[in-house]
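To keep things clear, I will list the structure first and then write my remarks on it.
Just the heavy atoms: all of them, side chains too, but no hydrogens, waters or symmetry mates, feed the values below. Start at 1 and go down the list; that is how both ligands and their atoms are numbered. Start at 1 with the first residue, then count along the sequence.
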Amino acid sequence: MHGKRILLIVGGGISAYKIPQLIRLIRAQGAAVTPVLTASGAQFTTPMTLSVLAGEPVHDTLWDRNSEAEIGHIQLSRNADLVVVAPATADLMAKIAQGQANDLASTLLLATDKRVLIAPAMNVRMWDHPATQRNLATLKDDGILTVGPDNGDMACGEYGAGRMAEPETIVAAIRDALTPAARPLTGRHVIVTSGPTHEPIDPVRYIANRSSGAQGTAIAAALRDLGAQVSFVTGPATVAPPEGVSVIAVETARQMHDAVQAALPADAAVMAAAVADWHVVGASDRKMKKDGSGQPPAFEMAENPDILAWISHADDRPDLVVGFAAETNDVIAHATAKRLRKGCDWIMANDVSPPTGIMGGSENAVTLISDTGAEEWPRMGKDAVAGCLAERIAAHLNGKTI
Ligand code: C5P
């Protein structure tokens with residue numbers, strides 16, 4: 001994004017309060033921002049805030065003789081590398097769809113010859129209204145790019161689709177729009193599972209494992225960096241989830257299975273979670289107590305769903321399913337058998353025997369097992385492993401081999 005110029009049109013919605021943060025993030029990536037504020041946008045954020053953060057004056061009227069003499073509105077819209085509308089209100093979307101030009105923002109949008117990216121934000125009923133959906137279809141037909149909206153609680157107290165995408169997600173979409181070729185997973189949806197699962201015994205105790213979530217998190221970030229839309233289904237990991245992905249936080253294996261199912265369809269799935277094999281049947285809803293008999297409690301356990309095996313055979317199976325195999329001996333033989341047993345396309349096999357220091361460490365040594373055999377990768381950082389895997393996934397989905 002370095003050296004690029006973004007013309008940022010700020011519409012009148014409550015999510016305009018996130019625009020100062022968006023401007024900071026865009027500038028942190030080395031791009032310049034020219035802010036344009038609509039009259040209703042000025043009800044939610046101030047010209048002063050935007051101009052201080054952008055380091056440039058805010059444009060807010062068609063009828064400013066000084067500004068028009070210095071740089072006409074046609075020029076303003078053409079000097080940019082990308083036009084971004086955030087928040088894009090129902091009104092702004094309708095104006096763009098109709099080709100209206102009755103204020104500075106709509107005039108710039110009609111006059112531009114650059115790509116336009118909109119981040120819609122409005123009440124869920126307004127978003128669902130056939131008129132808005134009709135306008136959206138028109139905008140997409142016209143080649144206008146969209147990011148969001150997200151689902152969630154709304155400022156008006158309702159719940160549903162219509163929240164503006166988070167600033168980090170908008171920045172990722174801006175990056176995609178500016179450099180489509182460098183982001184070969186643009187438009188692809190990838191599900192990544194990560195972290196351990198916790199299987200409750202009672203409200204305060206659970207069965208867990210030592211997975212940190214480091215490798216899954218690095219994979220989600222690498223896929224995002226190549227432009228993928230990532231659904232990151234994570235158990236209670238110790239490393240924080242990456243920015244710019246949809247985080248679906250779960251606790252148990254059964255919840256992880258349901259979350260993966262809800263995230264389908266997808267182009268690819270990478271199952272990097274260390275899913276518990278069993279859960280306690282009938283976990284107590286009260287804290288269990290010693291009963292004075294000196295006898296420990298007996299737990300009945302049942303097998304958890306195998307998410308990797310399930311998704312590999314699902315009706316809407318992703319084109320590419322990648323599993324992991326953490327082994328302590330006969331790594332290649334066990335992982336090759338696991339690939340066939342689970343029905344996935346690739347297995348990332350690694351030796352987690354204690355002397356390798358891989359479990360919980362920052363490095364990984366993997367062998368990629370596919371139907372063409374086993375390919376040993378040199379030992380490298382988990383970020384580098386993630387980067388290589390993301391490149392391979394992009395090449396596979398785009399029909400190339402490396
Ligand atoms: O069977 P095992 O745990 O060794 O297989 C490892 C692979 O299977 C990993 O990719 C893991 O994420 C996945 N897995 C799963 N659901 C399970 C168990 C494992 O998705 N219940």
Which pairs of N or O atoms, one from ligand 1 and one from the protein, are separated by less than 3.5 Å, and what is the distance for each pair?
from, atom 1, to, atom 2, distance (Å)
ligand 1, 1 (O), K342, NZ, 2.8
ligand 1, 4 (O), K338, NZ, 2.4
ligand 1, 5 (O), K342, NZ, 3.2
ligand 1, 8 (O), K342, NZ, 3.4
ligand 1, 10 (O), M271, O, 2.6
ligand 1, 10 (O), F324, N, 2.7
ligand 1, 10 (O), F324, O, 3.4
ligand 1, 12 (O), M271, O, 3.0
ligand 1, 12 (O), A273, O, 2.6
ligand 1, 16 (N), I307, N, 3.0
ligand 1, 20 (O), L308, N, 2.9
ligand 1, 21 (N), P305, O, 2.8

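Checking R188 against N398 by side-chain atom types alone, a donor-acceptor pair falls below 3.5 Å. Judged purely by distance below 3.5 Å, without hydrogens or angles, the side chains of S231 and H189 pair a donor atom with an acceptor atom. One side chain, Q215 or N364, offers a donor N or O that lies under 3.5 Å from an acceptor on the other. T138 and N135 are not linked by any side-chain donor-acceptor pair at a separation below 3.5 angstrom, with hydrogens and angles left out of the test.
By the 30° and 60° cut-offs, the orientation of the rings of H198 relative to Y206 is parallel.
With respect to E375 and R392, a salt bridge is recorded, a charged nitrogen being found less than 4.0 Å from a carboxylate O.
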